[in-house]
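Input: a single structure, listed below in structure tokens.
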Amino acid sequence: MCGLVAEVESGKITRLLPDRENPHSEGFMCVKAPAMKEVVYDPDRVLVPLKRSGAPGEFAPVSWDEALDDIAARLDRIVRRDGTSAVAAYIGNPVFWNAFSWYPMWSFLKRYAIAKVFSPGTQDLSSRLLVNHLLYRDVTRFPYPDLLNCDFLAVFGSNMLVSHGSMVTAPRLREALDRIAARGRVIVVDPRATETARRYEHVSIVPDTDVWMLAAMLRQIFAEGLADIAFLQQNCNGWTELRDAVAAITPELAEARCGVAAGQIRGLVRDFAATERAVIFSRAGICRGRHSTIANLLVDAVNIAGGKFGRPGGQVFGHDINVGVRAAGGYDVTRSRIGGMPDLASFLPCVIMPDEILEPGPGQVKAMITVSGNPVLSAPGGAKLERALAALELHVSLDLFVNETNRYADYILPTTTFLERDDMPVRCFSRMLKPFTQYAGAVIAPLGETREEGEIFRDLAGRLDALGDDPPASPIAAGRDTVEHLIRSGPFGDARGERGLTFEKLHAAPHGIMLDEVPPEQRWRNKIYHEDGRILLWNELIASEFARLDRSPPAAEGLRLFGRRDLKSINSWMHNVERLVAGQRPALLIHPDDAAPRGLAAGAWADVSNRFGTIRVPVEVTDEVRPGSVCYPHGWGHHGGWRRANAAGGANVNVLSPTDPAEIDWVSGSSLMDGIDVEVAAVAG
Ligand SMILES: Nc1nc2c(c(=O)[nH]1)N[C@H]1C(S)=C(S)[C@@H](COP(=O)(O)OP(=O)(O)OC[C@H]3O[C@@H](n4cnc5c(=O)[nH]c(N)nc54)[C@H](O)[C@@H]3O)O[C@H]1N2
Ligand SMILES: Nc1nc2c(c(=O)[nH]1)N[C@H]1C(S)=C(S)[C@@H](COP(=O)(O)OP(=O)(O)OC[C@H]3O[C@@H](n4cnc5c(=O)[nH]c(N)nc54)[C@H](O)[C@@H]3O)O[C@H]1N2
Ligand SMILES: [Mo]
């Protein structure tokens, strides 16, 4: 969402600069943006279709026609023999933000009834999606904090200054947070003294125990007479049951679980309630635990019960640029073959992906399509997933590089970067603090033989249809045209007459257009899709999750592992850029009190292990993490076709993430990645 200006000479990008005329980002860009130039011209980038020619990672160039003909023929054979349940897809992060390719890709999967679709969603937000579904009956409705207008912000599990927010789109985020701190308070609840926590107020918490603190906060809101009872009565169902469910969770009980002092919890609640424009916000750091669904639910419940929902400076719904945003599917429409787990927004949990491929029987996955994804480094399982990928009959990957996942593929189909294609950031729209839109045209021609994902899926569909007896009726969406149609038929489109958005107007405004804001009070009422239009705070699923919480044992003795992101990294894929990777040396952060008894001094190496695996990593002894917890970033341990990244070292932390559905927040399918119980032992010598 940072506006960029590309300087181009003779068809080649020479520089990427911040766009000072972009009315939304106003000249801001982060360090990763100019480094996209190095990604585009990376000598390791895949520029022609590749076919596996030997062991994993060994490929030879092949023509598009030969690749697509063979892929279509093999897919067709597998589907005729085993049905569409033998085909799966992993849709990785980058293509989510590329609307022009998203719609053709998604309609391809629908058209061929490819229903086993996995995504990084179970690694960052499926519990949040489930809460959207439970409370508002719309998986894609993410309420966000009105950062421009609040005077009190408490953040749970987000390192906002590094991640730049996440599910709230705010250019110049640090300025927004600084302004809140100047007017009032910014509080960061986190097991690590993060970059964000250090700049504002830090509340240190035991990993994966926020649910206790949040429950105690909700309890105090009711117990101290701070609840907005009129709002609850008018707009919510089930709030008395939820109130009763947390009644016994006193701040003292919460303190014993989460390590935050009872007095501090009471003080926070009182300050939150007393501040008219206040909000609590949560993100990925509470979406990867054992109780992440009710943890996320309690965040909304505290905002709602505290009278902060749908009001300026509170927790608000965003604007919609298109109608039909609810198209994303629901919850528990289908169940997985392995573990019988519910789907969410049409995706299945990644925790079962290795076994969906490895376990024989009807419905065993034999073919897989991966689009802009690297689950070997990003999803649970690591080594087990590699074994599974090696066993596939057909694996096709659309990517920029040979990564740790597609080194096992039969084909790698090379795609364009966002600088080589037209694009529109419509996917962020409903989470923007200020509504903005832009048509960002390609600035250079596609490099080599690269193609857009949408084009590749259209081409593949044509070939599959030529082989089939009875081609499916549903069409492949046209990407750009689909988006134009959605915008023109949406609230900012033709309905506004002369003032309506058209692509013509967008083309005439290359820096983008700020759109009219609607006050927060008017943005939510008609978007609660339960039949009676009220927010739902209690049902059988929520009740059973609270019963499970009641039975949950206290954190085990020993160490709990959680993760972190670096400003110069983006998940697993920018480690091949010298200027970003230089200076990053992933290490295990461990508190001096935990290091000493294990004989670990600065620079020592340790084995971090549990029943799922072991990684060997250098340690950094620091009081940045709280005693009893250790921290290591994800996305490392490269062994793909990117030479610089391979040389960067580091280990794949996700070999420690459980692949056993019994260990996770089962209702949402969220992977367990923060709060994993591990042993840490010094490596002799
Ligand atoms: N530089 C950079 N920016 C990114 C990305 C990146 O890789 N690099 N990735 C992007 C993506 S895909 C996403 S989803 C977003 C994610 O962005 P955020 O939602 O902000 O998530 P993280 O940056 O992972 O920060 C999670 C925080 O939660 C803390 N945490 C861990 N366990 C717990 C816990 O049990 N309780 C609490 N309260 N805190 C906990 C961690 O210490 C960490 O500080 O960032 C996006 N932005
Ligand atoms: N332990 C732990 N694990 C985590 C996380 C964590 O905090 N802790 N974070 C999780 C999160 S939030 C996420 S979103 C996932 C991300 O996980 P994934 O989505 O699986 O993987 P990425 O690392 O984002 O890799 C993206 C791939 O897309 C390619 N790519 C980049 N741009 C394009 C493009 O325009 N088109 C195509 N076709 N390919 C492109 C890159 O080369 C790279 O191979 O990781 C998750 N894993
Ligand atoms: Mo993510």
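All ligand and atom numbering here is 1-based and tracks the order in the structure.
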Which ligand 2 atoms, with their elements, are less than 4.0 angstrom from a heavy-atom of Phe401? 42 (O)

Identify, for atom 1 (N) of ligand 2, the protein heavy atom at the shortest distance, and state residue, atom and that distance. Asn654 OD1, 2.7 Å

Candidates Glu453, Met105, Glu420, Glu404; heavy atom nearest atom 36 (N) of ligand 2 found on Glu453

Please list the nearest protein heavy atom to atom 47 (N) of ligand 1 with its residue and the distance rounded to 0.1 Å. Ser163 O, 3.0 Å

Identify the closest protein heavy atom to atom 8 (N) of ligand 1: which residue and atom is it, and at what distance? Ser569 O, 2.6 Å

For Arg198, salt bridge (charged side-chain N to carboxylate O under 4.0 Å, His left out) partners two or more places apart: Glu624

Identity and distance of the protein heavy atom lying nearest atom 43 (C) of ligand 2: Trp573 CB, 3.4 Å

Which of the numbered atoms in ligand 2 are under 4.0 angstrom from any heavy atom belonging to Arg421? 35 (O)

Distance from atom 45 (O) of ligand 2 to nearest protein heavy atom, with residue and atom: Ser378 CB, 3.2 Å

Below 4.0 angstrom from a heavy atom of Asn403, which ligand 2 atoms are there? Numbered from 1 as shown, please. 44 (O)

Between Arg644 and Glu38, does any NZ, NE, NH1 or NH2 come within less than 4.0 Å of an OD or OE carboxylate oxygen? no

What protein heavy atom lies closest to atom 40 (C) of ligand 1? Include the residue and the distance to one decimal. Pro191 CD, 3.3 Å

Protein heavy atom at shortest distance from atom 7 (O) of ligand 1: Asn571 N, 2.8 Å

Taking only non-hydrogen atoms of Arg564, do any sit less than 4.0 angstrom from ligand 2? no

Could you grab the distance from atom NE2 of His291 to atom OG of Ser127, nearest 0.5 Å is fine? 12.5 Å

Atom 33 (C) of ligand 1: closest protein heavy atom, distance to 0.1 Å, is Gly285 O, 3.2 Å

Examine the proximity of ligand 2 to Tyr90 and report which part, side chain or backbone, both or neither, has a heavy atom under 4.0 Å away. side chain

Enumerate the atoms of ligand 2 whose separation from the nearest heavy atom of Gly92 is less than 4.0 angstrom. 19 (O)

I'd like the name of whichever of Gly121, Cys350, Ser572 reaches closest to atom 22 (P) of ligand 2 through any heavy atom. Ser572

Side chain to side chain, Val211 and Leu298, heavy atoms closer than 4.5 Å: yes

Give every donor-acceptor pair under 3.5 Å between a side-chain atom in residues 88-99 and any protein atom, sequence neighbours left out.
residue : atom : partner : partner atom : Å
Asn93   : OD1  : Trp97   : NE1          : 2.6
Trp97   : NE1  : Asn93   : O            : 3.3
Asn98   : OD1  : Ser101  : N            : 3.4
Asn98   : ND2  : Glu453  : OE1          : 3.4

Derivation of the side chain to side chain donor-acceptor pair (under 3.5 Å) call for Tyr411 and Asn406: CA-CA 8 Å; Tyr411 287 99; Asn406 65 21; over 6 Å; no

Considering only heavy atoms, does Asn98 approach ligand 2 within less than 4.0 Å through its side chain, its backbone, both, or neither? neither

Using distance alone, determine whether Ala284 and ligand 1 share an N or O pair under 3.5 Å. yes

Per-atom contacts, ligand 1 versus Val189 - under 4.0 Å to a heavy atom: 37 (C), 38 (N), 39 (N)

For atom 25 (O) of ligand 1, state which one of Thr209, Asp124, Asn159 supplies the nearest heavy atom. Asn159

Any non-hydrogen atom of Gly563 lying under 4.0 Å from ligand 1? yes

Asn93 neighbourhood, listing ligand 2 atoms whose heavy-atom distance to it stays under 4.0 Å: 14 (S), 19 (O), 24 (O)

Identity of the nearest option to atom 19 (O) of ligand 1, non-hydrogen atoms only, from Arg192, Met167, Arg283, Met673: Arg283

Test of understanding: given a 4.0 Å heavy-atom threshold, classify the contact between Thr415 and ligand 2 as side chain, backbone, both, or neither. side chain

For Thr416, counting its heavy atoms only, list the atoms of ligand 2 lying under 4.0 Å from any of them. 35 (O)

Of the side chain and backbone of Ser372, name the one, both, or neither that has a heavy atom under 4.0 Å from an atom of ligand 2. both

Of Asn374, Leu656, Val653, Asn652, the residue with the heavy atom nearest atom 21 (O) of ligand 2 is Asn374

In this structure, does ligand 1 have an atom that sits under 4.0 Å from one of the heavy atoms of Leu125? no

Which protein heavy atom lies closest to atom 35 (O) of ligand 1, and at what distance to 0.1 Å? Asp208 N, 2.6 Å

How close does the nearest protein non-hydrogen atom get to atom 4 (C) of ligand 2, and which residue and atom is it? His634 CD2, 3.3 Å

Report yes or no: does a heavy atom of Gln123 sit under 4.0 Å from some atom of ligand 1? no

Do Ser671 and Asp124 make a side-chain contact, defined as non-hydrogen atoms from C-beta onward lying under 4.5 Å apart? no

Does Leu398 reach ligand 2, in the sense of a heavy atom lying below 4.0 Å from it? yes

Distance filter under 4.0 Å to Leu567 heavy atoms, resulting ligand 1 atoms: 1 (N)

re atom 15 (C) of ligand 2, the protein heavy-atom contact at minimum distance is Pro120 CB, 3.6 Å

State the atoms of ligand 1, each with its element, that fall below the 4.0 Å cut-off from a heavy-atom position in Phe562. 31 (C), 32 (N), 42 (O)

Contact between ligand 1 and Pro207 is defined here as a heavy atom of the residue under 4.0 Å from a ligand atom; is it met? yes

Contact between Lys32 and ligand 1, counting heavy atoms under 4.0 Å? yes

Considering Val46, Val39, Ile676, Asp399 one by one, which has a heavy atom nearer to atom 41 (C) of ligand 2 than any of the others? Asp399

A student comparing Arg565, Lys568, Arg290 should find that the heavy atom closest to atom 9 (N) of ligand 1 comes from Arg565

Considering only heavy atoms of Gly373, which atoms of ligand 2 have at least one such atom less than 4.0 Å away? 20 (O), 27 (C), 28 (O)

To which protein heavy atom is atom 29 (C) of ligand 1 closest, and what is the distance rounded to 0.1 Å? Asp190 OD2, 3.1 Å

Numbered atoms and elements of ligand 1 in range of Thr194, under 4.0 angstrom, heavy atoms: 44 (O)

Distance-only polar pair, side chains of His634 and Ser378, donor-acceptor under 3.5 Å: no

Please identify which atoms of ligand 1 are closer than 4.0 Å to at least one heavy atom of Asp210. 34 (C), 35 (O), 36 (N), 37 (C), 38 (N)

